[in-house]
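One structure below.
All chains are named by letter (A, B, ...) in the order of the sequence lines, taking the proteins before the strands, and each is independently numbered beginning at 1.
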Protein chains: 2
Amino acid sequence: MLTASHRQLLRVISESGPLSRTEMAVALGLSKAAMSGLARDLIDLGVLHEAGTIYGRGRPSIRLDLQPEWAFFAGISLIQDPAPMILCDLGGKVIAQIDMPLSRDPQTIARLIAERLPDLFKAHPHAAAKIGGIGIALSGFVDERQATCIQSTLLNWQGVLLAQIIREHTGIDTFIENDAKAIAVHEKLFGSTRDQQNFSVVSLGDGIGCAHVIDGRLYRGNHGGAGEIAHCTVEPGGAPCRCGKRGCLDTIASMNAIKEMARAEGFACTCLSDIEKIASTGNAAAINILHRAGSALGLAIANLIQMNDPGLILITHTEDGLQGLFGTVMQQAIETNVLPRYAGQTPIRLRRVSSDIWARGAASIAAHNFLIGPNIN
Amino acid sequence: MLTASHRQLLRVISESGPLSRTEMAVALGLSKAAMSGLARDLIDLGVLHEAGTIYGRGRPSIRLDLQPEWAFFAGISLIQDPAPMILCDLGGKVIAQIDMPLSRDPQTIARLIAERLPDLFKAHPHAAAKIGGIGIALSGFVDERQATCIQSTLLNWQGVLLAQIIREHTGIDTFIENDAKAIAVHEKLFGSTRDQQNFSVVSLGDGIGCAHVIDGRLYRGNHGGAGEIAHCTVEPGGAPCRCGKRGCLDTIASMNAIKEMARAEGFACTCLSDIEKIASTGNAAAINILHRAGSALGLAIANLIQMNDPGLILITHTEDGLQGLFGTVMQQAIETNVLPRYAGQTPIRLRRVSSDIWARGAASIAAHNFLIGPNIN
DNA sequence: GACACTAAGTTCACAAAATGAACAAATCAA
DNA sequence: TTGATTTGTTCATTTTGTGAACTTAGTGTC
C-alpha cells in the first residue's frame with residue numbers, strides 16, 4: 001500500500017506537474033536514494049510513468065508524471081436538472097458524459113447512479129475495473145469527512161448520510177462536497193491554479209459560491225461553512241433574502257437575482273448577455289441593475305481580499321457577458337475597495353466554464369481522496 | 001537537537017496542556033514505545049517535567065508539562081510610546097517589565113534594546129543565559145520569515161531588515177510580526193484559545209487589528225496581509241481614510257475614530273467609557289456615534305464569519321466600556337448579519353486586556369519560533 | 001491484608017524508512 | 001575522444017518507530 005511518503009509525492013506531482021526524480025527529492029526534502037525507491041514503487045504500481053526527457057548539461061533528466069489511465073472517477077452534480085454525470089481520468093480529462101434525472105430522495109439518487117453507471121462505462125469498459133471513487137457536488141453544508149450532508153435548503157435535507165447510501169448501492173467509495181468547494185478542489189488538482197498555495201474561487205452560476213484554498217488545502221471552516229460569501233451583507237437593511245436576513249449579496253448580484261430584477265422591469269431576457277445588450281442601448285433601468293450587482297460583487301470580493309489576502313481570485317462563470325458593464329463595474333469596485341497598497345497585487349482571473357464544471361468538481365473530490373487522501377489533518 | 005517528532009510533541013503539549021505519555025502517544029499517532037523515548041529525551045533536556053499524577057483504575061498516569069524555566073523570551077511592542085519591554089517564561093508568564101523610548105530608526109531601536117536588556121534581566125539573572133529569543137510587534141506588513149518589515153505607515157518603513165539588525169546588536173535570535181498577528185499567536189500558544197484549531201482575533205486598540213488562526217497555525221496571507229479588516233469598506237463612498245480609500249471600518253469604529261468624532265461634537269472625553277456615559281444620559285449625538293461604530297464593527301465581523309466560518313471570534317480590547325451601547329450594538333449587528341443557520345454557532349468572546357498585550361504577543365512570536373519552529377510549511 | 005484486576009510506562013529485538021557515499025549512465029563541450 | 005556535468009541507482013549504515021512481553025503502581029474486593 002501507499003505510505004505517507006508516497007502520498008506526499010503524489011501531492012507534489014499533482015501540484016507541480018511532471019518532475020524529475022531529483023526535483024521531487026528536493027521538493028520533498030528527501031535524499032535522491034529515498035526518492036529513487038519511492039519512484040520505482042509508484043512506477044511498478046502503474047501510478048507514474050516516464051513522460052519525456054529533458055536534455056541539458058549532464059545526464060538528461062526523465063520527467064515522471066501521473067499515468068492518467070491508472071484510475072477513473074465518476075462525478076455527479078446534484079445542483080442541476082437533469083443531473084450531469086461524468087467520467088474522468090487521473091489527469092482530469094472528461095472521457096464520458098451522460099445525464100440522469102434529478103431526485104431529492106437519497107435512496108432514489110443512489111439507485112439512479114447505480115443504474116446509470118454502466119452507461120457511463122459503455123465506451124470505456126477498461127475504466128470500470130479501475131474506478132477509484134464517486135464524487136457528488138451539491139448545494140449545502142457537508143461534514144468534514146465529506147460523507148454527510150448536514151443541511152441543504154435546495155434539496156431539503158438535514159443530516160443525510162448520502163455517501164454511505166451510494167456506497168451501499170454501488171460498492172464504490174463515495175465522497176460528497178459543497179458545489180463551490182468542489183470547484184476549488186478541481187482547480188487545485190487539475191485547473192490553472194495547481195501551483196497556487198492560497199487562492200479563492202468565486203463561482204457564478206445561478207447563485208454565488210465561494211471557497212478558499214489555504215496552504216494548498218481546501219479550507220472548509222469550522223462548520224463546513226467557509227466561503228458563504230453569498231450571504232454576506234452588502235446592503236444593510238436591504239431586501240429580504242430567502243435565507244432569512246436582509247441585504248445579502250445573493251439578492252443583488254446572483255444571476256438569478258439579476259434576471260429577476262430585469263424581469264420585474266419588464267425586460268424579456270434569459271441570460272446576462274440579453275440584459276447587457278439592453279444596457280448598452282442606454283436603458284437606465286438595465287444599467288442600474290448591472291451597476292448595482294457589479295458594485296456589490298466587487299465590494300464583497302474586495303472585502304474577501306482584505307480579510308484573507310489570497311494569492312489569486314478565480315471567478316468562474318457559466319454565462320457569457322462578463323466582459324460587459326457588470327464585469328467592468330465589478331473589477332472597478334474591487335480596485336476601489338482594496339487597500340491602495342494591495343490594488344492590483346491580487347490577480348483577478350475570470351474564466352468562462354461550461355455547466356459540467358460541478359460534475360467535474362465532484363469527480364475531483366473523488367480523485368483527491370483517492371490520490372492524496374482525505375482533506376483532514 | 002530536536003527532531004521533527006520532538007517538535008510535534010511540543011506543539012501538542014502547547015495546545016493541550018499537561019498530558020500523560022499515553023495520551024501524547026495517541027495524539028501523535030505513535031506507539032507507547034516511541035513516546036517513551038521522546039519523553040525521556042525532552043525530560044533529560046529539561047524541556048518537560050512531570051507535573052502531577054492522576055489516579056484512576058490501574059497504574060496512575062503522570063502528566064508531563066513544559067518546564068516554564070527552560071527558556072525565556074523578550075517581547076517589545078513598537079506600537080506604543082514608550083515602548084513596553086517584557087520578559088516572559090515558557091509558560092507565557094510575565095516576570096519582568098520595563099519601558100524603552102520609542103524610535104523610528106531601526107539602528108536606534110536595536111541599540112536601545114541591547115542597552116535595556118540587562119535591566120530586564122536584573123531581577124532574574126538566571127534567565128539571561130536561557131534567553132530563547134526576542135520578539136517585536138509592530139504595525140505594518142511583515143514577510144513570511146518574520147524577519148523583514150515590508151511596509152509600515154506608522155513607522156514610515158519600507159523593507160527594513162529589523163530582525164537581523166537587532167540580532168547583530170544583541171546576539172539573540174529575533175523575530176518580528178504584525179501586532180494583531182502577534183496577539184493571535186499569543187492566544188494560540190498561551191491564551192484561552194490554545195485548543196482551538198480555527199479562530200480569529202479582533203483586537204481593539206487605538207485602531208482595529210485582526211488575525212486568523214487556521215488549522216492551528218497563523219495564516220499570514222499571500223502578502224502577509226490577511227486580517228486587514230480595518231480597511232474593509234463598510235460604508236461605500238463614505239469618509240476618506242488615511243489609507244487612501246473611503247468608508248473603511250477604521251474611519252468609523254476604531255477607538256481613535258470614535259474619540260475623534262466625539263471631540264468633533266464637542267464632548268470632553270479621553271476614553272470610550274466617557275462617551276458611553278454621555279450616551280447613557282440620552283445624548284443623541286453620542287448615541288449616534290456609538291451606534292454607527294457598533295453596527296459597522298458588527299457587520300465586518302459578521303462578514304468575517306460568513307467568509308471564513310471560524311470556530312471562535314476573540315475580541316480583545318484595551319478600553320473599558322465594551323458592555324455599553326457600542327458593544328451591545330456590535331453583538332446585535334453580528335447576529336443580524338450572520339446566516340440564521342449560523343447565528344450563535346460562532347462564539348464571540350470579549351476580553352479586556354492590558355496594554356502590555358502587544359509586548360506579550362511579541363514574546364509569544366519568539367516563543368513559537370523557539371518551541372515549535374517557524375510558521376512555514 | 002492478600003489477591004486479582006487494571007492501566008501506565010519501559011524494555012528489547014526487530015522492521016521500516018531514510019541517509020551518505022560510491023558508482024553507473026547519459027549527455028554536452030571542447 | 002576525452003573531460004565535465006548532472007541524473008539516477010546501489011548498498012551498507014543510521015535513524016525512527018513497532019509489537020509484544022514485562023514491570024510498576026495503583027484500585028477494588030473479599
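Annotation: side chain of His126(B) is in contact with side chain of His124(B) (closest heavy-atom distance under 4.5 Å). Asn198(B) is not listed as a side-chain neighbour of Leu312(B), based on a closest heavy-atom distance of 4.5 Å or more.
Atom C1' of nucleotide dA18(C) and atom CG of Leu28(A) are separated by 12 Å, given to the nearest angstrom. Atom-to-atom, CE of Met24(A) to C1' of dT7(D) comes out at 13 Å; the value is rounded to the nearest Å. Between the OH atom of Tyr55(B) and the P atom of dG26(D) there is a distance of 5 Å, rounded to whole Å. The distance between atom CG of Leu38(B) and atom P of dT16(D), rounded to the nearest whole Å, is 9 Å. We find that CD1 of Ile43(A) is positioned 10 Å from P of dG8(D), with the value rounded to whole Å. If you measure from atom CD1 of Ile54(B) to atom P of dA25(D), you get 17 Å, rounded to the nearest angstrom. Atom pair Leu30(B):CG and dG19(D):P shows a separation of 11 Å (rounding to whole Å applied).
Taking a 6.0 Å sphere around CZ of Arg194(A), one finds it holds more than 12 heavy atoms contributed by other residues, nucleotides or ligands.
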Scan nucleotides 7-17 of chain C nucleotide by nucleotide, 5' to 3', and note B when protein non-hydrogen atoms come under 4.0 Å of the base, S if they reach only the sugar-phosphate, - if neither.
BBBBBB----S
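Between the side chains of Glu23(B) and Ser20(B), a donor-acceptor pair is found at a separation under 3.5 Å.
Using a 4.0 Å cut-off between a side-chain N of Lys or Arg and a carboxylate O of Asp or Glu, Glu187(A) and Arg349(A) do not qualify as a salt bridge. The pair Asp143(B)-Arg145(B) meets the salt-bridge criterion, with a side-chain N (NZ, NE, NH1 or NH2) lying under 4.0 Å from an Asp/Glu carboxylate O.
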